[in-house]
Structure formats: C-alpha cells, structure tokens
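First the structure, in the form of structure tokens, and then the observations on it.
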Amino acid sequence: MDENNMNVNVKKHRKGVGKALPLIIVLVLVAITVFSSMTTVAEGTVGVKYRFGKITATNLHAGLHFNLPYIEYIERVDITEQVYDLNTTAYTRDTQTVDNIMIKVNYVYDTSKLDEIIRTIGIRNVESKLVAPQLLSCMKNEVGKYKAEELISARSLVQENIEAALREQLSQNGIIITAINIEDIDFEDEFEATIRAKVAAEQEALRVKNETVKKEEEAKQIVIAAEAEAQSIKIKAEAEAEANKILSESITDNLIKYNQIEKWSGEFPQVMGNTVNPFVTIGE
C-alpha cells in the first residue's frame, strides 16, 4: 500500500514539474532579453550602436542605454588618450645607420569622425594600418634630411617636424596627435665612439679658446690701465708745467722789491770795524 502511494506522488511531482517547465523557460528568456537590451557605457568610452551590423549612432555617452534585443547591439569604444610605441632603424643623409630609434606617440580619436574610422579602418586596426605606417614614413623622411652629427644636436627639431607632419597626415583620418617623444637614438658603436672623441676634442678646443680669450682680455685690461696711468701722469706734468710757467711769468722786479720791503724789519745792517757804517739807500 505504501509503495503504491509513493508511485502516485512521484507521478504527481513529475506532472507538476512538466507544467512549470515552460513557465521557467519563459521567465529565463524574458530575463535574458531584458538584460541584453541594456548596456552600460563607462566614463572614457562612447557607445556605438549597430542595427543588423549597420552603425546607427556613435555618440552614446557614459550611462545606461537600451537597444532592441537580437536586432541591435552597442559596442564600447575607448576614447581616452592612446599611446603607441615604435622601435625601428633609419639612415641619415650621410648613410649612417641609426640602429635603434625609440619613439612614442600619444593620440586620441576625433569623435566627430568615429563612424568613418570604424567603417573605413576599424578601431582595432588604427595603429597597424594608420599610426604605424605614417609614423614610420614621417620619421625616416625627417631623419634622412640630417647628417648623423647634425641629428644628435637637432633632436628636438626632428621631433617637432615629425609631430607636425604626422599630425597633418592623420588628422584627415580622424586621428588627433597630442604628443610625440623621441626617447632614444642609438648609432653603431664605432660611430658613437667617433662622435664621443670629436665632442671631447671640441670641448677641449673650446676650453683653450675660452682661456685664450680670458688672457687676451686680461692683457687688454693691463694695457688700458697702463695707458690710463700714463695719461694721468702726462696730464699732471702738463698741469705742473703750466703752473710753473704762469708763476715764472708773474715774478717781476717790482714784485721782488715789494717782497723785500714787506720782509724788511726797519733796521739798517750793522758792520763791525774801523770804517763808518754805510748808509743803505732804499730808493731815490
């Protein structure tokens, strides 16, 4: 009796599960549909909406967005600043090999041309099909304008020219260059040794030249000081001579007599002896 009841309960349970299964499937499908119709676009990205594979919108900004399930989907595109590194070789105008040029490019997408980029290039192909080949071309063209020695001293100018050329080329394709930095330029070891020796010789020559200029300047200062001293002595001597001349011209007989009178005490000179004291006549 108990076994029969058990069989009956099992049959009832199976029957109940069988009736509920379609409802469970429907609920699961509804949940999947609801969740698939919502897409969250994070900050720093934009949503690109497709309908049957065709772009219908490229300006879905950060937030929650809805799409028709199984008909539309939203792709998130990172629009923050991107960085591309290139490591390559090049040749200078005097055919010297630059073994290793490390250059870094920072860029962003022009969001107004995002749909064109996606249609013609594809976001995942931007670096391989646009940035890399254009950068390589601009860099080799610019490096080829300089001799090896010039390239070392003109590094900042080379960087500026590459950036300007690359910006002009890529702006047409919706890529905005924000910065370029040449991080390293390596030549062949033999050439680098030659350059170092030349730089050392130039620095020594400059040191000697500066020392020579210093000594010449010191000599000039000595000459200037001597000339000034001589001029001072000459002026002093001329002044003394002129003073003496004026003084000599100003001494007359009358002036001498006047000075004698001024200095006379009023007493006649006394002479010891048998002769009569002479009378000194002062004047007629």
Side-chain angles (χ1 to χ4, degrees), residues 39-68 71-93 95 97-146 150-152 154-186:
T39 301
T40 300
V41 177
E43 292 287 352
T45 63
V46 295
V48 179
K49 182 181 286 188
Y50 294 82
R51 180 178 296 166
F52 297 118
K54 183 179 180 180
I55 296 175
T56 59
T58 59
N59 59 348
L60 304 181
H61 298 293
L64 183 64
H65 298 274
F66 296 90
N67 53 276
L68 298 175
I71 296 175
E72 297 177 330
Y73 73 94
I74 297 175
E75 179 184 13
R76 290 177 284 260
V77 177
D78 185 359
I79 58 171
T80 59
E81 188 174 62
Q82 308 293 309
V83 180
Y84 176 72
D85 295 309
L86 177 67
N87 191 334
T88 186
T89 60
Y91 296 95
T92 60
R93 194 176 70 189
T95 67
T97 302
V98 187
D99 280 339
N100 181 31
I101 298 181
M102 295 179 63
I103 187 168
K104 180 178 290 185
V105 179
N106 295 55
Y107 68 92
V108 294
Y109 302 117
D110 183 350
T111 53
S112 66
K113 296 182 179 181
L114 195 57
D115 58 341
E116 181 182 346
I117 295 173
I118 296 171
R119 289 190 181 100
T120 59
I121 303 296
I123 291 296
R124 294 176 180 83
N125 299 325
V126 165
E127 290 185 354
S128 62
K129 292 186 177 181
L130 278 180
V131 179
Q134 292 291 353
L135 175 61
L136 193 61
S137 175
C138 292
M139 186 271 296
K140 290 192 173 183
N141 286 340
E142 187 63 24
V143 170
K145 296 178 182 178
Y146 297 86
E150 297 171 342
L151 184 62
I152 296 173
R155 178 169 170 171
S156 59
L157 179 60
V158 171
Q159 180 174 295
E160 291 175 6
N161 291 341
I162 293 175
E163 182 175 341
L166 189 63
R167 180 179 288 115
E168 182 180 357
Q169 292 292 331
L170 294 183
S171 63
Q172 304 170 19
N173 302 106
I175 307 299
I176 301 173
I177 301 299
T178 57
I180 283 182
N181 182 35
I182 298 178
E183 297 185 333
D184 195 14
I185 298 179
D186 289 334

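You'll find the side chain of Ile162 reaches within 4.5 Å of the side chain of Leu135, heavy atoms only. Using a 4.5 Å heavy-atom cutoff, the side chains of Val108 and Thr178 are in contact. At a threshold of 4.5 Å between non-hydrogen side-chain atoms, the residues Ile117 and Tyr109 count as touching. Put simply, the side chain of Ile101 does not reach to within 4.5 Å of the side chain of Thr89, judged on heavy atoms. Annotation: side chain of Val158 is not in contact with side chain of Glu160 (no heavy-atom distance under 4.5 Å). Contact of the Val143 side chain with the Tyr91 side chain is not registered, since no non-hydrogen atoms from C-beta on lie closer than 4.5 Å. Counting heavy atoms from C-beta outward, Tyr107 and Val131 have side chains that approach closer than 4.5 Å. Counting only heavy atoms from C-beta outward, the side chains of Thr39 and Asn67 approach each other to under 4.5 Å.
Across all their heavy atoms, Met102 and Asn100 have their closest contact at CG-OD1, 3.6 Å. In this structure, Thr58 and Leu114 approach most closely via the heavy-atom pair O-CD2, 4.1 Å.
With values rounded to the nearest 0.5 angstrom, Asp186 atom CG is found 9.0 Å from Asn87 atom CG. In this structure, Leu130 CG and Gln169 CD are separated by 10.5 Å, a value rounded to the nearest 0.5 Å. The structure places OG1 of Thr56 at 8.5 Å from CD1 of Ile74, a figure rounded to the nearest 0.5 Å. In this structure, the separation between OG1 on Thr88 and CE on Met139 is 4.5 Å, given to the nearest 0.5 Å. For the atom pair Ile177 CD1 and Leu166 CG, the distance stands at 4.0 Å (nearest 0.5 Å).
The side-chain contact (heavy atoms from CB on, under 4.5 Å) test applied to Ala57 returns Lys49, Asn59, Leu60, not counting sequence neighbours. Lys145 pairs by the side-chain hydrogen bond (donor to acceptor under 3.5 Å, both in side chains) definition with Glu142, not counting sequence neighbours. Applying the side-chain hydrogen bond (donor to acceptor under 3.5 Å, both in side chains) test to Lys104 and every residue at least two apart in sequence or in another chain returns Glu183. Remark: Arg167 pairs with Glu163 by the side-chain hydrogen bond (donor to acceptor under 3.5 Å, both in side chains) rule, at least two apart or across chains. For the ring pair (Phe, Tyr, Trp, His ring centres under 6.0 Å) test, residues two or more places apart in sequence or in another chain that qualify with Tyr50 are Tyr73. Residues passing the side-chain contact (heavy atoms from CB on, under 4.5 Å) test with Gln159, sequence neighbours excluded: Ile180, Asn181, Ile182. Checked against side-chain hydrogen bond (donor to acceptor under 3.5 Å, both in side chains), Gln134 has no partners two or more places apart in sequence or in another chain. The side-chain contact (heavy atoms from CB on, under 4.5 Å) search around Ala165 returns Cys138, not counting sequence neighbours. Under the rule for a side-chain contact (heavy atoms from CB on, under 4.5 Å), the partners of Thr111 that lie at least two apart in sequence or sit in another chain are Ile79.
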- Message: Is there a side-chain contact (heavy atoms from CB on, under 4.5 Å) between Val41 and His65? Walk through the geometry before answering.
- Response: CA-CA 7 Å; Val41 177; His65 298 274; 3.5 Å; yes
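Screening residues 125-137 for salt bridge (charged side-chain N to carboxylate O under 4.0 Å, His left out), with sequence neighbours left out, gives no hits. The salt bridge (charged side-chain N to carboxylate O under 4.0 Å, His left out) contacts involving residues 106-117 comprise Asp115-Arg119, where partners must be two or more places apart or lie in separate chains. For residues 75-85, the set of pairs meeting the salt bridge (charged side-chain N to carboxylate O under 4.0 Å, His left out) definition, not counting sequence neighbours, comprises Glu75-Arg124.
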